[in-house]
Amino acid sequence: METYAKALLYAIPFFIVLLFVEILYGYFIKNQKYTVMDTVASISSGFTNILKDSLGLGIVLVTYPYLLKHLALLELNATWLVWLVAFITIDFAGYWNHRLNHKINIFWNQHVIHHSSEEFNLACALRQPVSNLIGYFSLLLIPAALLGVPNKVIALLAPIHLFAQFWYHTQHIGKLGYLEYLIITPSQHRVHHAINSEYIDKNLGQILSIWDRIFGTFQEELDDVPPQYGVLKPAATWNPVLINFQHFWRIVKDAWRTNSYWDKVRIWFMPTGWRPADVVEKFPIEIIKDVYDFERYKTPSSKALNGYVIFQLVVTLGALMCLFYNYATIDFNNRLIIGAFIFIGIYGYTTLMDRSRYAAVIEVVRGVLGILFILFFKVGNELNEILSFASLLLISYFLVTIFAAIYFTFFENNIVKNAKID
């Protein structure tokens, strides 16, 4: 986990810089693909994902080293060949993992967050899950284990393979000629994120486009079918935690409501979106019928609220960077406490973005607890070694959070009800 935390110290700033480049490019060519609320929601989703992973929260069914020890038929030497084999097997496993996420009801829950943005830009690439609490990806790496690919090669290539999927989440790059036959491009991935009937569940590859062509899931971006983004059952919230578990909660309710015991079991493993017939009849769910004409999710906002949530985003980024930078010196219990405050903070300000009145309760309670933990339990004292008045800054931050939550919920909320939607 410490190695992962160090890698994030370099990866996060790199991604943020690329986001700014795309935002500035869209501004100068007068073709902006970003809105404040959607962008904050996307980046915040990425924060929850890396926080969960860096804290090691989850259950791994089987590790790759275990599979390698018990299944290896060969022993590849550390040459260019082993790196090539490792890359191909990781990409092959990634394709099938992605396909399972799209095709099986319960697996869709851990992937829906990535498709939930109704925009398509580099920020939406950061919409990654916290609901993938059971790790099974190593099972898809059995071919690599059989070939004897060393664990250190997989451990190094896996994050690089993941980070390499960031760049093609953009609308500013057109088709790339012959590269379209070799790798996943922005054009192909626009198709993947689209909810047009022609594009649903297509282009599931991650780096190489060969798998889609072999297994029949390839679809070219059509000039006369402009991609429309989001999910057919819109998330209708900026809160990444709620988005992560919406689909799971729908399955739970459907399994409870159906009268068929067989349906209560099989609903989890049926094709994505499948529901028992008796539940469909009694509890219909609205889905988007016309992808070119539907109401995209927006909430009343203001320049003040936009500025405040951007402020919260910057503070959250700073807190994460401090956590990762001091990862080795912060004990596990304090990591969990700091992680909990960051996580609840994200939940709080994204709920505030939704204009939900209970956001004030979350933020006030978090602020009061934060001040108490600093004053009486000395949480965050490690930061005083870096900056002598760090504790005072943290207390000031929590006070700002408390007053801002009350103001935006009970005062400004009434002012902007009839204001222009941002």
Side-chain angles (χ1 to χ4, degrees), residues 12 16 36-37 39-41 43-48 50-51 55 237-242 299-326 329-331 333-417 419 422:
I12 293 174
I16 296 297
V36 172
M37 292 298 176
T39 303
V40 170
I43 298 174
S44 299
S45 175
F47 288 167
T48 61
I50 60 177
L51 184 61
L55 293 176
T237 177
W238 302 122
N239 188 322
V241 183
L242 297 182
T299 51
S301 187
S302 66
K303 290 182 179 179
L305 181 59
N306 286 346
Y308 175 71
V309 297
I310 291 172
F311 161 74
Q312 284 286 9
L313 193 70
V314 172
V315 171
T316 304
L317 172 61
L320 285 170
M321 297 299 282
C322 285
L323 175 63
F324 298 149
Y325 184 78
N326 298 284
T329 60
I330 301 175
D331 64 71
N333 288 336
N334 273 340
R335 281 186 220 149
L336 286 180
I337 293 171
I338 294 168
F341 273 101
I342 294 173
F343 190 85
I344 296 170
I346 292 171
Y347 191 99
Y349 71 73
T350 54
T351 302
L352 194 64
M353 289 159 57
D354 282 334
R355 290 294 186 178
S356 295
R357 295 183 75 84
Y358 74 90
V361 176
I362 297 168
E363 288 292 76
V364 169
V365 170
R366 183 177 74 104
V368 171
L369 288 177
I371 294 171
L372 292 176
F373 268 84
I374 293 168
L375 293 177
F376 297 103
F377 298 99
K378 309 303 179 185
V379 172
N381 268 7
E382 297 92 341
L383 296 178
N384 288 326
E385 298 175 7
I386 303 171
L387 190 65
S388 59
F389 53 92
S391 292
L392 181 61
L393 278 179
L394 287 173
I395 291 173
S396 300
Y397 162 72
F398 284 121
L399 287 173
V400 169
T401 294
I402 291 170
F403 288 115
I406 294 171
Y407 170 74
F408 286 115
T409 301
F410 299 108
F411 294 94
E412 198 213 56
N413 197 23
N414 295 325
I415 299 172
V416 301
K417 278 183 178 178
D422 179 30

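All of these numbers come straight from a predicted model, not from anything done at the bench.
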So how far is it from [X] [atom1] to [Y] [atom2], rounded to the nearest 0.5 Å?
| X | Y | atom1 | atom2 | result |
| --- | --- | --- | --- | --- |
| Phe411 | Ile406 | CZ | CD1 | 8.0 Å |
| Ile342 | Leu320 | CD1 | CG | 4.5 Å |
| Ile12 | Phe324 | CD1 | CZ | 5.0 Å |
| Tyr407 | Leu352 | OH | CG | 11.5 Å |
| Leu305 | Arg355 | CG | CZ | 5.0 Å |
| Thr350 | Leu313 | OG1 | CG | 11.0 Å |

Checklist entry - Are Thr401 and Gln312 close enough, and set up right, to give a side-chain contact (heavy atoms from CB on, under 4.5 Å), and what steps lead you there? => result CA-CA 9 Å; Thr401 294; Gln312 284 286 9; 3.3 Å; yes
Using distance only, find each side-chain donor-acceptor pair of residues 359-369 under 3.5 Å and give its atom names and separation, not counting sequence neighbours.
unit_1 : atom_1 : unit_2 : atom_2 : d
Glu363 : OE1    : Arg366 : NE     : 3.1
Arg366 : NH1    : Phe341 : O      : 3.3
Arg366 : NH2    : Tyr397 : OH     : 2.8

Next on the checklist: I'd like to know if the side chain of Asp331 reaches the main chain of Asn334, judged simply by a donor and an acceptor atom lying under 3.5 Å from each other, with no hydrogens or angles considered.
Outcome noted: yes
Next on the checklist: Once side-chain hydrogen bond (donor to acceptor under 3.5 Å, both in side chains) is applied, do any residues pair with Thr237, and if so which ones, sequence neighbours excluded?
Outcome noted: Asp354
Item to check | Test side-chain hydrogen bond (donor to acceptor under 3.5 Å, both in side chains) applied to Thr39 - qualifying residues, sequence neighbours left out | outcome: none
Checklist entry - side chain to side chain contact (heavy atoms under 4.5 Å, CB included) with Leu336: which residues, sequence neighbours excluded? => result Leu55, Leu57, Phe332
Next on the checklist: With heavy-atom distances below 4.5 Å as the criterion, would you say the side chains of Leu375 and Ile395 are in contact?
Outcome noted: yes
Checklist entry - Can you find a heavy atom in the side chain of Val241 that is under 4.5 Å from one in the side chain of Ile346? => result no
Give the minimum heavy-atom separation between [X] and [Y], together with the two atoms involved.
| X | Y | result |
| --- | --- | --- |
| Ala405 | Thr409 | O-OG1, 2.7 Å |
| Thr299 | Met353 | OG1-O, 3.0 Å |
| Ser391 | Ile374 | CB-CG2, 4.0 Å |

Checklist entry - Checking side-chain contact (heavy atoms from CB on, under 4.5 Å) for the pair Thr316/Ile43: CA distance, chi angles, key distance, verdict? => result CA-CA 10 Å; Thr316 304; Ile43 298 174; over 6 Å; no
Checklist entry - Within a radius of less than 6.0 Å around OH of Tyr358, do more than 12 heavy atoms belonging to other residues, nucleotides or ligands occur? => result yes
Checklist entry - Taking only residues two or more places apart in sequence, or in another chain, which ones meet Tyr308 in a ring-ring contact (aromatic ring centres under 6.0 Å, His included)? => result Phe408
Checklist entry - Can you name the ring-ring contact (aromatic ring centres under 6.0 Å, His included) partners of Tyr349, sequence neighbours left out? => result none
